[in-house]
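All of these numbers come straight from a predicted model, not from anything done at the bench.
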Amino acid sequence: MKTRKGNKVYPLTNAQKLHFYCLKYCPKKQVLNIGASLTIQVDLDREMLKKSIEEAISRCEAMRLRFAEDKEGNTWQYVVKQDDSFVEHFDFTGWTMEAAQKKMEEWTETPFPRFDSPMHHIVMIKLPDGFQGIYIAVDHMTMDAQSLIVFFRDVIELYCHKLYPDEVSYPKEMSSYIKQLQKDLSYEDNSSACQKDREFFQKLISSSEPVFTDIYGPGKLEKERITKNNPNLRAATNTSNNVDANISTFHLETEPSARLHKFCQEQQISMTCLLLMGLRTYLQKENNQEDVSVNTTIARRATLSEKRSGGTRIHSFPFRTIVKKEDSFIEGIYKIRDMQNQYFRHASYSPSEYYAYRKQLYHLEDGQTYEGLALTYQPLSMRYDGPGLDKLEGIQYRTSRYSNGAAAHTLYLTVSENPSDNGMDFCFEYQTGVVTPEKLQEIYYYLCRILFHGIEDCSRSVEEIMAWV
């Protein structure tokens, strides 16, 4: 297949292949749906907002992305010149907030037709409390969280330009998804850079075998050792036949969030480093194990063209650290930082190839892994403080994520900046048959205690912090 409906077709990228693999084996086909809303406490001009959304779609090639299947069953992608989707409107006036939430979850749980169809669903909404804005569902193979936020911002900037044409400049153009796609495919075509990245990760994987650490402690691994009659087994099965999922969000207020950010600035580390240190310390305490692995994601949006090209660029890799109990909190963070810097240099490597190589090397059975949870930190806020909306003093923002009802991972934590108060949201997506809301409350509680006791005096040993919490 070279063209589809007159448009040039391209293969899937490594990031898309990871999602497609997940879609292939998950019984619930809405597993790749991302649902989110951005609302503000302002009466919006509905027609102007609709035109702004349509214009934002025309400016963003990734929002016009389609997929096609050839006779051999291979999946391709292409960008249409004109989007034929319809921007809907829904007024929740008279509803309860709970009922409105449930309705938007229903939208998020609706799978997209996979081939030759728009991969987004956009609704202008008015909530029961009068907040107005946009609900968007997108397919993860076309957009990730960062590109979705950039799209939200583009809509807002276009709306402000239309509202204040003499005072607000027309927003700068989006970058081309196709041009960035061609760069990615060129890298993946066995380039020298690709080979160097492959060598790095294969050397890392083969250095020694990790060990499974779980939020519920070592019970799962011990049970598998008995079942397999192998007392030295280091991997455990961490999948479930029940992929039903939900989302629970815990909000960390402005002041404590600012303390975490201040610590990161003073120590010149990323927030991801700090969060990884907190999570791995919790797992170290629960499992009495210094060797801890957590799945972590890398956004791969270093350049301006990568930041504004849309699409999905997330690569997810296992992240293993060995931190001894006598190590200080900051020493553990520096180990994470040093490893993270190496990951960044080689992050274009195929995650699917990583998992395939590891599975073969350590003779893992389907479903066996070393990671009990995954972490993503999302530094980009949906808040827009540019020209136009700055005229509306005291404006209130609200962002929400909606469960699609399915999850490929047992537990996935996304930490993001909340635009309403500049606090932080800890958003847990979890399989309801494996993880309970009570366990999530416990994880969040102990994670915060670890983080704040650690940053209060980062010379404290890991052992001291674990004993205190």
Side-chain angles (χ1 to χ4, degrees), residues 15-37 101-102 104-112 114 119 121 136-146 148 212-216 220 236-250 275 279 282-283 293-297 312 314-319 351-352 355 366-378 400-416 425-444 447:
Q16 290 172 318
K17 288 174 184 175
L18 190 64
H19 294 315
F20 196 69
Y21 177 85
C22 170
L23 178 72
K24 182 179 179 180
Y25 291 101
C26 185
K28 290 195 170 186
K29 298 310 176 187
Q30 73 268 30
V31 67
L32 296 184
N33 287 13
I34 303 174
S37 67
Q101 165 99 6
K102 192 172 187 302
M104 286 183 275
E105 286 177 352
E106 288 177 12
W107 292 341
T108 310
E109 291 175 5
T110 304
F112 292 103
R114 181 52 37 186
M119 305 306 287
H121 175 209
I136 300 181
V138 294
D139 184 272
H140 211 341
M141 286 179 65
T142 66
M143 301 284 272
D144 56 30
Q146 286 209 30
L148 183 57
F212 179 75
T213 48
D214 188 38
I215 58 172
Y216 287 103
K220 192 175 289 185
T237 302
N238 195 40
T239 57
S240 172
N241 292 329
N242 180 4
V243 297
D244 292 350
N246 203 352
I247 289 176
S248 291
T249 301
F250 302 92
L275 293 170
L279 283 173
Y282 173 78
L283 291 170
S293 294
V294 174
N295 263 338
T296 187
T297 59
T312 185
I314 292 289
H315 276 190
S316 178
F317 296 104
F319 192 88
S352 300
Y355 290 111
D366 289 346
Q368 284 188 330
T369 186
Y370 307 100
E371 297 79 38
L373 58 87
L375 168 71
T376 292
Y377 172 61
Q378 177 52 261
S400 296
R401 282 187 60 194
Y402 304 98
S403 173
N404 61 27
H409 297 275
T410 301
L411 181 59
Y412 196 135
L413 170 60
T414 300
V415 182
S416 58
D425 286 336
F426 289 70
C427 182
F428 292 90
E429 183 181 50
Y430 61 100
Q431 291 180 344
T432 55
V434 181
V435 184
T436 65
E438 292 76 21
K439 186 62 180 178
L440 297 177
Q441 183 89 41
E442 177 190 305
I443 294 171
Y444 175 69
L447 175 59

Handout entry: Non-hydrogen side-chain atoms of Val294 and Glu371 separated by less than 4.5 Å
Key = no
Problem - Gap between atom CG of Leu148 and atom OG1 of Thr312 - 0.5 Å precision - result: 11.0 Å
Problem - Check: Val243 and Gln431 side chains under 4.5 Å, non-hydrogen atoms - result: yes
Exercise for the section: Looking only at non-hydrogen atoms, find the nearest pair between Ser37 and Tyr402 and report the distance. Expected result: OG-OH, 2.7 Å
Problem - Over all atoms of both residues, closest heavy-atom pair of Leu411 and Gly372 - result: CB-O, 4.4 Å
Practice task
Determine whether Thr369 and Phe212 make a side-chain contact, defined as any pair of heavy atoms from C-beta on separated by less than 4.5 Å.
Solution key: yes
Handout entry: Short side-chain to backbone donor-acceptor contact, Asn33 and Thr108, under 3.5 Å
Key = yes
Exercise for the section: For Gln16 and Met141, indicate whether the former's side chain and the latter's backbone hold a donor-acceptor pair under 3.5 Å. Expected result: yes
Practice task
Evaluate the ring planes of His121 and Trp107, with Trp represented by its six-membered ring, and classify them as parallel (under 30°), tilted (30 to 60°) or perpendicular (over 60°).
Solution key: perpendicular
Practice task
Please report the shortest heavy-atom distance between Glu109 and Ser403, naming the atom on each side.
Solution key: CG-O, 4.0 Å
Exercise for the section: Determine the interplanar angle of the Phe250 and Phe428 rings, folded into 0 to 90°, and report it as parallel if under 30°, tilted if 30 to 60°, perpendicular if over 60°. Expected result: perpendicular
Handout entry: Value rounded to 0.5 Å, distance of CG in Asn246 from OG1 in Thr432
Key = 7.0 Å
Practice task
Drop me the distance from Ser416's OG to Gln146's CD, to the nearest 0.5 angstrom.
Solution key: 11.5 Å
Practice task
Supply the atom-to-atom distance Thr297 OG1 to Leu375 CG, rounded to the nearest 0.5 angstrom.
Solution key: 6.5 Å
Exercise for the section: Identify whether the distance between the nearest side-chain nitrogen and carboxylate oxygen of Lys439 and Glu442 falls below 4.0 Å. Expected result: yes
Fill in the blank from the handout: Note: His315 and Ala15 closest approach over all heavy atoms is NE2-N, 3.5 Å
Completion exercise
CD1 (Ile247) and OH (Tyr430) are apart, to the nearest 0.5 Å, by 9.5 Å
Handout entry: Rounded distance (nearest 0.5 Å) linking atom CE of Met119 with atom CG of Leu32
Key = 8.0 Å
Problem - Student check: side-chain heavy atoms of Met143 and Ile34 closer than 4.5 Å - result: no
Problem - Check: Asn404 side chain, Val31 main-chain N or O, donor-acceptor pair, under 3.5 Å - result: yes
Handout entry: From Leu447, Leu440, Ile443, residue fulfilling side chain to side chain contact (heavy atoms under 4.5 Å, CB included) relative to Phe426
Key = Leu447
Practice task
Report yes if the side chains of Tyr355 and Ser316 come closer than 4.5 Å at any heavy-atom pair, otherwise no.
Solution key: yes
Handout entry: Nearest heavy-atom neighbours spanning Thr110 and Glu106
Key = OG1-O, 3.0 Å
Exercise for the section: May I ask you to test the Asp139-Arg114 pair for a side-chain heavy-atom distance under 4.5 Å? Expected result: yes
Handout entry: Tyr377 and its side chain to side chain contact (heavy atoms under 4.5 Å, CB included) partner, picked from Thr414, Leu413, Val415, Thr296
Key = Val415
Exercise for the section: Kindly indicate whether the side chain of Ser240, heavy atoms from C-beta on, has any atom under 4.5 Å from the side chain of Thr410. Expected result: no
Practice task
Please check if the side chain of Asn242 supplies one atom and the backbone of Asp244 the other of a donor-acceptor pair under 3.5 Å.
Solution key: yes
Handout entry: pair Thr249-Arg401: side-chain heavy atoms closer than 4.5 Å
Key = no
